[in-house]
Asker: 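Pasting a structure here, questions to come.
What's counted below: heavy atoms across the whole structure, side chains too, no hydrogens, waters or symmetry copies. In the text below, chain A, chain B and the rest are named by the order of the sequence lines, each starting its count at 1.
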Amino acid sequence: MDLKLLEELCLSGGPSGFEDEVMGIVMDELKDHSADLNIDVMGNITGFKKGESYTKTKLLLSAHMDEVGFIVNYITDDGFLKFSTIGGISPLVLCGKKVLVGKNKIPGVIGLKPVHLVKQKDECENVPNADELCIDVGAKDREDAENSVNIGDFAVFDSIFQVQGSSIISKALDDRVGCALLVEFIKKKSPFDFFFSFSAQEEIGLRGAKAASYRINPDAAIVLEATTACDILGVKDEKKVCVLGDGPVLTYMDKTTVYSREYLNLANNLAKENKVKVQMKRLVSGGNDSGAIHVSRSGIKTISISLPCRYLHSAFSVIDLEDLKETERLLQLLFEAILR
Amino acid sequence: MQNLISKLCATSGVSGGEKLVAEIAADELSKCADIYLDTNFNNVFGRIGSARAKKRVLLDAHIDQIGLIVTRVEDGFLRVASCGSLDSRILAGSAVKIFGKQELIGVVSSVPPHLSDKKDKITPVKEICIDTALSKEEAENLIPIGSYVAFLDSGSKLLGKRICACGLDNRSSVAALILCARLIHEANLDWDEIGCSINFLFSSREEIGGYVGAKIGSYVIDPTEAIVLDVSFATQPGVDCQRAGELSKGPLLGVAPSLSKRLLDVFSSIAFDNNIPYQLEVMSDRTGTNADAICTNAQGVETFLVSMPLRYMHTPYEVMDLEDIENTVRLLSAYFLGY
């Protein structure tokens, strides 16, 4: 995979509803590879990829462009920005992080009271909620802040893109890695026609995908995602959800979808025959755009292929390069098997 | 100034592991003072004037920063202990630099909310682990026990003249003293004639208790007078002006039982005469700085404390105003150039 593209996608800022920068990158990549690229009302990019042959099954490949982030909802007299989170961010990972506010990427700090001045025991043990925190952009007062920031501006975590060993460390790998996989897949020569969607607003309730799948009206869908890996020290094997390095994750059921058994068996068999590493998700938890897609119109046969990802929804998440390779292989095999 | 601060902050130097940053500071200081680097304790000495001068003024700033030290390598993860009073509330989800056989990036592990049994409780340092994103074997080969770990610095300019960076406590003071040294050097006064020497000390190991660097360093210098430069709390949400100075309102002059009242008068007059804004920081007991150790060196040293206001102390992104640092440089150098 082209890691340059993944880096560009990860470091661009696009929480739900503010996907413009990501959209720009994807549109730019695809402009010569699809005849009818379209950006709809919700901010989804949808399109059709002409393959070598027509297929009876209308297949949709989907990944979401948005990431979790913040929205400025108030500016205090002292010039601090009060905010809410966009999507699910644990209050545990907020304190002491740097963020970039708005399109102009104004740097700000989510600070907290110095530990020296914390007298109450519960104050050092309990995590402050987002509404107790604020972003410091260095403004002297409200007016000073308002010269650079508006109420309603978004913010995202500031991060890095680092390849170390066989891992990638960055923010928003959920689901820019899906976007990168999909972009590359579209740019390749395809044996069959297919449709695709880069959806908006997944993190706030699968909203973009609902509209996109209605518009495309497919028979079947493959959703490319990143899913929680909890394979960290001290976690029992059965609680790990999935494990980095064990290949792409197939899910039979999560909080939003019961996946197509037919496709699941197909994917598992293909993996076995072709010696592609795959793993089954070990917990019924989370959800993704499949939740909206599989109930679109009169119902759509849906499967998701997810990359195991540690610490998603935080400033620094981790995926494995081998998993990425195996995911590319499985996607190709499954795609051809569904359409053949 | 911002370049110098960025350079100093970008180089980690956790207490006891200050080697790299001490070398950079020594290099900067060597352009304007006679320097000596204590490679055993990582103390940096710089002197303008004679070691035998009758009046020997010590200008001290600690050069170390808080961080972590690796106690165990386990399945590609690290167990750590803290160096200095680390704020465990900011650990989860932070990126760190690991100083193993090579410099590596790590991420402080956090359990996803749906798997956490103690949802809103902070994990204490001894229970956290750092994800090296490496395999078991790679991690064991590259990261010896005892390796230092510091927060990843990606400091930047904020609005106006404010900045955020990791380790502004106390690299901002080191930067300020280097700038003072430059000004004093450029003034080209005859310090032998004046009968005074100015002795810079960038002391190690302040954050881990005992003020080891300052204690040893001041013994070596044997000063007749000492000025300690450090950072102190600035007002921020949750911290009002009763307990803190304000950002952008100038250096804080220390008022405390153990600090020199004479020097307080001297520095407030200099500030007044030169139109330098300043604030007072009143403490009733220990100052919590190197001043506590230096004032009892040998037969006792007349000691004064100047602090610069800083927000979010001991988090990966401390915030300061460059103007406060500039004003501190003006104040301190005016003290010497008035001779």
Side-chain angles (χ1 to χ4, degrees), chain A residues 76 78 80 88 90-98 106-117 124-128 134 136-140 144-145 147-148 158-160 162 164-169 228 230 232-235 239 241 283 285-286 310-318, chain B residues 74-75 77 79 85-95 104-105 107 109-116 120-123 127 129 131-135 138 151-152 154 156-164 233 235-239 243-244 247-248 288 311-317 319 321:
Chain A
T76 69
D78 301 339
F80 293 98
S90 164
L92 272 167
V93 300
L94 290 178
C95 293
K97 304 298 181 295
K98 191 170 148 199
I106 308 276
V109 173
I110 303 178
L112 76 173
K113 192 199 243 183
V115 67
H116 320 65
L117 300 180
C124 20
E125 282 179 351
N126 289 321
V127 188
C134 48
D136 184 350
V137 288
K140 296 205 165 173
D144 192 17
N147 287 330
S148 306
D158 183 33
S159 190
I160 53 170
Q162 173 92 13
Q164 183 164 291
S166 77
S167 305
I168 298 173
I169 305 171
T228 303
C230 192
I232 59 176
L233 215 53
V235 175
K239 296 271 186 196
V241 193
L283 193 74
S285 69
R310 289 181 189 151
Y311 327 120
L312 42 79
H313 296 197
S314 79
F316 304 94
S317 44
V318 182
Chain B
E74 223 177 311
D75 278 338
F77 291 84
R79 294 291 190 188
S85 75
L86 202 84
D87 191 339
S88 42
R89 297 172 300 171
I90 52 87
L91 286 173
S94 286
L104 297 159
I105 301 286
V107 179
S109 279
S110 53
V111 177
H114 62 273
L115 289 174
S116 168
D120 294 308
K121 289 281 183 234
I122 299 287
T123 313
E127 285 173 32
C129 54
D131 189 343
T132 64
L134 297 172
S135 69
E138 285 171 323
F151 294 119
L152 183 72
S154 60
S156 55
K157 207 180 152 299
L158 301 177
L159 296 183
K161 295 186 82 173
R162 294 183 179 182
I163 52 168
C164 72
F233 309 113
T235 55
Q236 60 169 85
V239 181
R243 288 193 290 180
L247 226 53
S248 321
R311 281 180 186 156
Y312 322 125
M313 196 182 286
H314 291 193
T315 74
Y317 295 100
V319 170
D321 193 319

Asker: Evaluate the side chain to side chain donor-acceptor pair (under 3.5 Å) criterion for residues A/Y311 and B/D131: first the C-alpha distance (whole Å), next the side-chain angles of each, then the deciding distance (0.1 Å), finally the verdict.
Answerer: CA-CA 10 Å; A/Y311 327 120; B/D131 189 343; 2.7 Å; yes
Asker: Select one option (side chain, backbone, both, neither) describing which atoms of A/V318 are under 4.5 Å from chain B's heavy atoms.
Answerer: side chain
Asker: Hey, which of A/C95, A/A139, A/A315, A/P128 has the most heavy atom pairs under 4.5 Å with chain B?
Answerer: A/C95
Asker: Working to the nearest 0.5 Å, report the span between CZ of B/R79 and CD of B/E74.
Answerer: 5.5 Å
Asker: Quick check: closest heavy atoms across A/P107 and B/K157, and the distance to 0.1 Å?
Answerer: CG-O, 3.4 Å
Asker: Ignoring hydrogens, what is the shortest heavy-atom contact between B/I90 and B/P316? Give both atom names and the distance.
Answerer: CD1-CD, 3.6 Å
Asker: Between A/I110 and chain B, with a heavy-atom cut-off of 4.5 Å, which part of the residue counts as in contact: side chain, backbone, both or neither?
Answerer: neither
Asker: Sort out for me which of B/S109, B/S88, B/S135 touches chain A most, counting heavy-atom pairs under 4.5 Å.
Answerer: B/S109
Asker: Might you point out which heavy atoms bring A/S148 and B/L159 nearest each other, and give the distance in Å?
Answerer: OG-CD2, 3.4 Å
Asker: Look up atom CD1 in B/I122 and atom CG in A/L92, then write down how far apart they are to the nearest 0.5 Å.
Answerer: 6.0 Å
Asker: Mind ranking A/G111, A/G286, A/S166 by heavy-atom pairs under 4.5 Å with chain B and telling me who comes out on top?
Answerer: A/G111
Asker: Taking every non-hydrogen pair under 4.5 Å, which of B/A133, B/G238, B/C129 racks up the most with chain A?
Answerer: B/A133
Asker: Any Lys/Arg nitrogen of B/K161 or B/D321 sitting under 4.0 Å from an Asp/Glu carboxylate oxygen of the other?
Answerer: no
Asker: Considering only heavy atoms, which portion of A/N147 lies under 4.5 Å from any heavy atom of chain B: side chain, backbone, both, or neither?
Answerer: neither
Asker: Over all heavy atoms of both residues, which pair between B/P237 and A/C134 is shortest? Give the atoms and the distance, please.
Answerer: CG-SG, 3.5 Å
Asker: Is any side-chain heavy atom of A/K97 less than 4.5 Å from a side-chain heavy atom of A/S314?
Answerer: no
Asker: Give, as side chain, backbone, both or neither, the part of A/I169 having an atom under 4.5 angstrom from any heavy atom of chain B.
Answerer: side chain
Asker: Please give me the minimum heavy-atom distance between B/S85 and A/V115, naming the atom from each residue.
Answerer: O-CG1, 3.8 Å
Asker: Side chain from CB out, backbone as N, CA, C, O: work out which of these in A/F316 comes under 4.5 Å of a heavy atom of chain B, or both, or neither.
Answerer: both
Asker: What I want to check is whether the side chains of A/S159 and A/K98 have a donor and an acceptor closer together than 3.5 Å.
Answerer: no
Asker: Side chain, backbone, both or neither: which part of B/R311 has a non-hydrogen atom closer than 4.5 Å to chain A?
Answerer: side chain
Asker: Non-hydrogen atoms of chain B under 4.5 Å away: do they reach the side chain of A/Q162, the backbone, both or neither?
Answerer: side chain
Asker: Which atoms of B/S248 are under 4.5 Å from chain A, going by heavy atoms: the side chain, the backbone, both sets, or neither?
Answerer: side chain
Asker: Write down the atom of A/L117, the atom of B/R243, and the distance for their closest heavy-atom approach.
Answerer: O-NH1, 3.5 Å
Asker: So which of A/D158, A/V137, A/L312, A/V109 has the biggest tally of heavy-atom pairs under 4.5 Å with chain B?
Answerer: A/V137
Asker: Against chain B, label A/L94 side chain, backbone, both or neither, depending on which of its atoms sit under 4.5 Å from a heavy atom there.
Answerer: neither
Asker: Considering only heavy atoms, which portion of B/Y317 lies under 4.5 Å from any heavy atom of chain A: side chain, backbone, both, or neither?
Answerer: both
Asker: Tell me, out of B/I105, B/D75, B/L91, who's got the most heavy-atom pairs with chain A below 4.5 Å.
Answerer: B/I105
Asker: Under 4.5 Å heavy-atom distance to chain B, tell me which part of A/D136 shows up: side chain, backbone, both or neither.
Answerer: both
Asker: Quick check on B/L104 against chain A: is it the side chain, the backbone, both or neither that has a heavy atom closer than 4.5 Å?
Answerer: both
Asker: Name the option with the most non-hydrogen atom pairs under 4.5 Å to chain B; the candidates are A/K239, A/H313, A/K140.
Answerer: A/K140
